[in-house]
Amino acid sequence: MEYEEIKNRLAPCGLHCGKCFAFSDGDIVESSRQLKASLGNFDVYAERFVELLDQPVFKKYPAFKEMLDLFSMAGCSGCRKENCKLFKNCKVRSCSEQKGVDFCFQCSDFPCGNTGFDEHLNRRSVAINRQMAQIGIEKYYDEIKDEPRY
Ligand code: SF4
Ligand code: SF4
């Protein structure tokens, strides 16, 4: 994949927007829509299966469906195009634009204390950026492109 295309899927902090549940062009939304379509009118059957199959787990179907509906409605265009819907305190996007870098590791202040992330996320972002710096963005993307983000 070309650098510019990779940039649309990898945020400046290094997190993989392409595998985010909120990403409108991601695997999760696509699989959720397919599963929703395949399940059709399963609500009726879920109710019946509680007794018919003696499986109380089917009582939880409405909650599962609610989750599936949420995943199916993902509408984020990714960090390069709009503000992150998950990390509302993120400062990386605007900061990287000001610094004129595509990714944090390209910034002379990296690693900084200006991400707005909590400790866990900050550690993850620093580790990803270090790896990108070491092996290159294209190789890094190739290695992680099929891995789940979570
Ligand atoms: S910008 Fe945030 S919410 Fe949107 S796809 Fe990327 S990580 Fe997910
Ligand atoms: S100052 Fe920090 S958040 Fe901003 S681009 Fe540099 S490393 Fe990233």
Side-chain angles (χ1 to χ4, degrees), residues 1-46 57-150:
M1 196 180 272
E2 296 295 315
Y3 182 77
E4 286 304 313
E5 268 183 86
I6 293 174
K7 253 177 59 186
N8 285 332
R9 299 183 90 80
L10 285 185
C13 66
L15 283 186
H16 192 180
C17 284
K19 292 283 178 181
C20 172
F21 80 85
F23 191 55
S24 58
D25 189 25
D27 301 355
I28 294 181
V29 66
E30 182 58 31
S31 311
S32 300
R33 284 176 186 163
Q34 279 174 12
L35 180 55
K36 223 180 126 174
S38 299
L39 282 165
N41 197 22
F42 195 82
D43 308 65
V44 176
Y45 294 86
V57 71
F58 282 104
K59 280 187 194 159
K60 296 179 185 169
Y61 184 71
F64 169 72
K65 197 181 160 201
E66 220 176 305
M67 213 58 241
L68 203 54
D69 285 342
L70 180 88
F71 284 154
S72 303
M73 287 187 304
C76 183
S77 306
C79 186
R80 305 282 171 180
K81 296 191 179 144
E82 57 182 293
N83 288 331
C84 185
K85 293 177 171 61
L86 305 184
F87 308 114
K88 297 207 162 51
N89 296 330
C90 174
K91 296 183 188 164
V92 180
R93 180 177 177 238
S94 56
C95 182
S96 64
E97 283 170 1
Q98 278 165 24
K99 301 264 179 187
V101 295
D102 292 334
F103 296 97
C104 280
F105 76 85
Q106 298 162 333
C107 168
S108 54
D109 290 334
F110 174 79
C112 75
N114 188 42
T115 57
F117 293 159
D118 63 25
E119 208 185 307
H120 170 82
L121 194 55
N122 208 46
R123 252 202 323 271
R124 196 165 166 208
S125 169
V126 169
I128 291 171
N129 269 278
R130 287 204 165 121
Q131 211 183 338
M132 286 196 287
Q134 204 183 344
I135 64 175
I137 290 155
E138 285 87 351
K139 186 156 190 284
Y140 172 77
Y141 185 74
D142 215 44
E143 283 183 5
I144 59 103
K145 69 180 184 340
D146 299 320
E147 298 293 318
R149 165 172 161 155
Y150 303 103

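One-based numbering, in listed order, for ligands and for the atoms of each.
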I need the nearest protein heavy-atom contact for atom 2 (Fe) of ligand 2: residue, atom name and distance, please. Cys112 SG, 2.2 Å
May I ask you to check if any N/O/S atom from Cys20 comes under 2.8 Å of atom 8 (Fe) of ligand 1? yes
Among protein heavy atoms, which sits nearest to atom 4 (Fe) of ligand 2, and what does the distance come to when rounded to 0.1 Å? Cys95 SG, 2.3 Å
Taking atom OH as the centre, does Tyr45 end up with more than 12 heavy-atom neighbours from other residues, nucleotides or ligands that are less than 6.0 angstrom away? no
Donor-acceptor contact present, side-chain Ser24 to main-chain Cys76, <3.5 Å: yes
Looking at atom 1 (S) of ligand 1, what's its closest protein heavy atom, distance included? Cys79 N, 3.3 Å
Would you mind listing which atoms of ligand 1 come within a distance below 4.0 Å of any non-hydrogen atom of Gly78? 1 (S)
With a 4.0 Å cut-off on heavy atoms, is Leu86 in contact with ligand 1? yes
I'd like to know if Glu143 pairs up with Lys139 as an ion pair, taking the criterion as any Lys NZ or Arg NE/NH1/NH2 lying under 4.0 Å from an Asp or Glu carboxylate oxygen. yes
Taking His16's backbone N and O only, do any of them form a donor-acceptor pair with Arg149's side chain (distance below 3.5 Å, no angle check)? yes
With heavy-atom distances below 4.0 Å as the criterion, list the atoms of ligand 1 near Cys84. 1 (S), 2 (Fe), 3 (S), 7 (S)
Does the ring of Phe103 carry Arg130 above it, NZ/CZ under 6.0 angstrom from centre and within 45° of its axis? no
Considering non-hydrogen atoms of the protein only, which is the closest contact for atom 8 (Fe) of ligand 2, and what is the distance? Cys104 SG, 2.4 Å
Could you list which atoms of ligand 2 come closer than 4.0 Å to a heavy atom of Lys99? 1 (S)
Do other residues, nucleotides or ligands put more than 12 heavy atoms under 6.0 Å from Lys85 NZ? yes
Judged by non-hydrogen atoms, does Ala11 sit under 4.0 Å from ligand 1? no
Tell me, which protein residue and heavy-atom name are nearest atom 6 (Fe) of ligand 2, and how many Å apart are they? Cys107 SG, 2.4 Å
Side chain, backbone, both or neither: which part of Cys76 has a heavy atom under 4.0 Å from ligand 1? side chain
Could you check whether any side-chain N or O of Arg80 sits under 3.5 Å from a backbone N or O of Asp102, counting only pairs where one atom can act as donor and the other as acceptor? yes
As an exercise, identify every atom of ligand 1 less than 4.0 angstrom from a heavy atom of Arg149. 7 (S)
Determine, using ring centers only, whether Phe71 and Phe21 are less than 6.0 Å apart. yes
Show me which atoms of ligand 1 lie under 4.0 Å from any heavy atom of Lys85. 2 (Fe), 3 (S)
Met132 vs Leu10, side chain to side chain contact (heavy atoms under 4.5 Å, CB included): CA-CA, chis, key distance, verdict: CA-CA 11 Å; Met132 286 196 287; Leu10 285 185; 4.1 Å; yes
